[in-house]
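Down below is the structure, laid out as structure tokens.
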Amino acid sequence: MAALTDVIYLDNNATSKVAPEVVEAMMPAFTALYGNASSMHTFGGQMSHDISRGREQVAQLLNAHPEEIIFTSCGTEADNSAWYSATETQPEKRHLITTKVEHSAVLAYGHYFEDKGYEVTWLGVDSQGRIDLDELERAIRPDTALVSMMYANNETGTVFPIEKVAQIVKSHGVQLHVDAVQAVGKEVIDLQKLPIDYLALSGHKLHAPKGIGVLYLRRGTRFRPYLKGGHQERGRRAGTENVPYIIGLGKACELAGANIEDERTRVAALRDRLQQGLLAAIPNCKVNGDQEHRLPNTLNISFEAVEGEALLLQLDQYHICASSGSACTSGSLEPSHVLRAMGVPFNFAHGSVRFSLSRYNTREEIERVIEVMPGIVRYLREISPFASFLKK
Amino acid sequence: MWEYTETVRDHFLHPRNAGVLEDANVIGEAGSLACGDALKLMLKVNSDGVIEDARFQTFGCASAIASSSALTELIKGKTMEEAARLTNKEIVEYLGGLPKEKMHCSVMGEEALEDAVRHWKGLPSRSREEEGRLVCKCFGVTDRQIIKVAKENNLSTVEEVTNFIKAGGACGSCKDEIQSILDKLRSLDKPLEEIRPVPRMTNVQRMQKVMRIISEDIAPRLALDGGNIELVDVDGTTVVVALRGACSGCNASQLTLKNLVEKTLREQVDPAITVVEA
Ligand code: FES
């Protein structure tokens, strides 16, 4: 096993390192201050103060009101809760709209609702992963309960035009849920200006631990809790509060706010350098996704005629961590649903690699990847029977 | 992350016999680019039928490369008759095991070897039609193949069949049929013969042929006008292509599509083909 310091970690869209400041902030809640916020003694009572502070920190990052923040166990729970609430509170509406490129937290829930007899419109994307706003508008019906759409795609980094989406959806009086798990901390999100009803975020994508997420619920939106059984979170999410993680997520959001400029400038420049370096050094590869509207940290690139898992395991030899949309890594024998929805040809889809950076990456690390990648691709092409198909 | 044995890792990182065998006289192939893995086995067989040298080229994941490497090591020095008796099990054993989801990599080795043996005997590659009835359209797998792999490896569930031969692993619409094949297998102790040849090309075969004709015939012709073509997908008899270069945006592109691309593919591959633009 490589020492942690040797690892070049470029898989931040999968999960991210917990910031040292976050660990530090959480520690007291694991050791001395283990009370239950619901208890009628001062010892437990001080926990509710910590929870409020965490809530304020999250609200501030999103420019929301603290009471609009509901802590959940993860992003998936937040996504599911939004769908649950929107359908429970509007039982007469039996139509839902989402896209073909959502995270499985939404995709699977969409299929579940189809099985329950709902009609779901699955919006497609073009070859760069962009949705068609006219198609969205045409899909909205009087019985549409919810439009659910990701802010930014986890695989390609393509950012959807959420402002315009919100305008369209709200002009028809329909509820809107945005899965912003990949976008928070990388895109500036202002919920005073953005009229969306539900938004989901996940702690471990922004340097908080795994096991904590948030459902933002706009004031005045009717709500039914997904988890029932307690008065926590003003009766909107039962279950004893995960105090240390709430403190950690609050701190992580504060840090995200402070670092967003760095993310959008320095990290973006590192990503651009990586893209340019790989494209220049390796023939027959291409970038997947919308390069104009893209998360600053994400690069999804396909190497023709090589297979993604083989690439990743070769990279692993150099302690470089990335991920792939190839069939072999998806566990489903088919390449990524996102790349397929974009119509990426299969000779490219099987050879896709996603590099996702964070503020902890350095220029040296990026140069190292640019140095080793061409050799790996050349080698795998040498032993691939399809290398002869490649255009010179 | 997959749990690979040390041997698998070793054969992936340091594959034995990888690359082109210049003086090969017998070739065997299995898999396809579309399915995500493919293997080309190249053998030099002498007049006594002994495999003097074996090399491979593989497109695929770590276990596909390791399985190919193991296969070449296993058959070198053997006679073709001996080699013909080899099954995927020996490849798995040689590697000290494979994750269950990756068993199909060893089966691909066995299939390439089978193909080579046929060529050595002067027979053409076995077409899927001779292989029986097509069950899984996504991966071009027939009932005979399923029965063979299920018997050789004692498979009893659909999930196991998917792990070994991929059938059922994409759209899943063939799962019920796989189950009924397994049910029949279990209820019979005598070998199940189910040959109902359907003279029809599988998706994979069609895709390979389409790929070849586009790259060898159509693309060069378009290149004369400064255009280019890319194959996006083959779904049944629908071929999805993208026109690039001077062809894209050209208002004659619909004509090109119908008159050149579709016509050529209909003539050379399958009269049922329709070509659409991505
Ligand atoms: S037909 Fe078998 S998986 Fe689609």
Side-chain angles (χ1 to χ4, degrees), chain A residues 11 14 111 124-128 284 286 303-318 321 323-337 339-352 376 379-391, chain B residues 1-2 4 9 12-13 15 17-20 29 31-42 55-66 68-69 101-102 104-105 138-139 162-163 166-172 207 211-212 215-216 219 223 228 230-234 240-242 278:
Chain A
D11 203 9
H111 291 307
V125 294
D126 69 7
S127 63
Q128 296 188 52
N284 302 88
K286 67 177 178 198
F303 303 93
E304 194 177 7
V306 284
E307 195 282 324
E309 185 201 299
L311 279 170
L312 292 189
L313 292 183
Q314 288 281 349
L315 280 172
D316 196 48
Q317 289 301 297
Y318 299 92
C321 312
S323 54
S324 167
S326 84
C328 289
T329 53
S330 70
S332 73
L333 295 174
E334 282 196 298
S336 121
H337 69 283
L339 299 184
R340 273 185 294 140
M342 288 162 59
V344 174
F346 49 79
N347 45 334
F348 279 97
H350 286 295
S352 78
I376 292 175
Y379 168 70
L380 289 173
R381 279 182 181 160
E382 262 163 32
I383 66 169
S384 163
F386 298 116
S388 52
F389 279 113
L390 297 180
K391 294 171 206 104
Chain B
M1 190 149 175
W2 303 110
Y4 287 131
R9 293 189 67 88
F12 163 61
L13 292 172
N17 316 307
V20 177
E29 287 175 304
S32 88
L33 185 51
C35 293
D37 47 18
L39 161 59
K40 181 174 181 183
L41 180 67
M42 292 154 276
R55 296 183 78 79
F56 74 90
Q57 281 184 305
T58 291
F59 163 78
C61 57
S63 48
I65 292 171
S68 312
S69 169
E101 297 86 350
K102 294 288 192 176
H104 59 84
C105 296
C138 292
F139 292 108
T162 305
N163 288 337
K166 293 192 174 184
C171 74
M207 191 172 298
M211 238 165 94
R212 210 189 61 236
S215 76
E216 287 172 6
N228 200 352
E230 188 159 24
L231 177 60
V232 176
D233 201 0
V234 180
V240 187
V241 299

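Chain A is the first sequence line, chain B the second, and so forth, proteins listed ahead of strands; every chain is numbered from 1.
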Closest-packed option against chain B by number of heavy-atom pairs under 4.5 Å, given Gly351(A), Ser127(A), Gly343(A), Ala310(A): Ala310(A)
Short side-chain to backbone donor-acceptor contact, Ser352(A) and Ser324(A), under 3.5 Å: no
Expected output: side-chain Ser384(A) to main-chain Ala305(A) donor-acceptor under 3.5 Å: yes
Distance-minimising heavy-atom pair for Val20(B) and Met42(B): CA-SD, 3.9 Å
Pairing residues for Ser63(B) by the side chain to side chain contact (heavy atoms under 4.5 Å, CB included) criterion, not counting sequence neighbours: Tyr4(B), Cys61(B), Leu98(B), Lys102(B), Cys105(B)
Which atoms of Gln314(A) approach chain B - backbone, side chain, both or neither, heavy atom under 4.5 Å: both
Structural part of Ile65(B) lying under 4.5 Å from a heavy atom of chain A: side chain
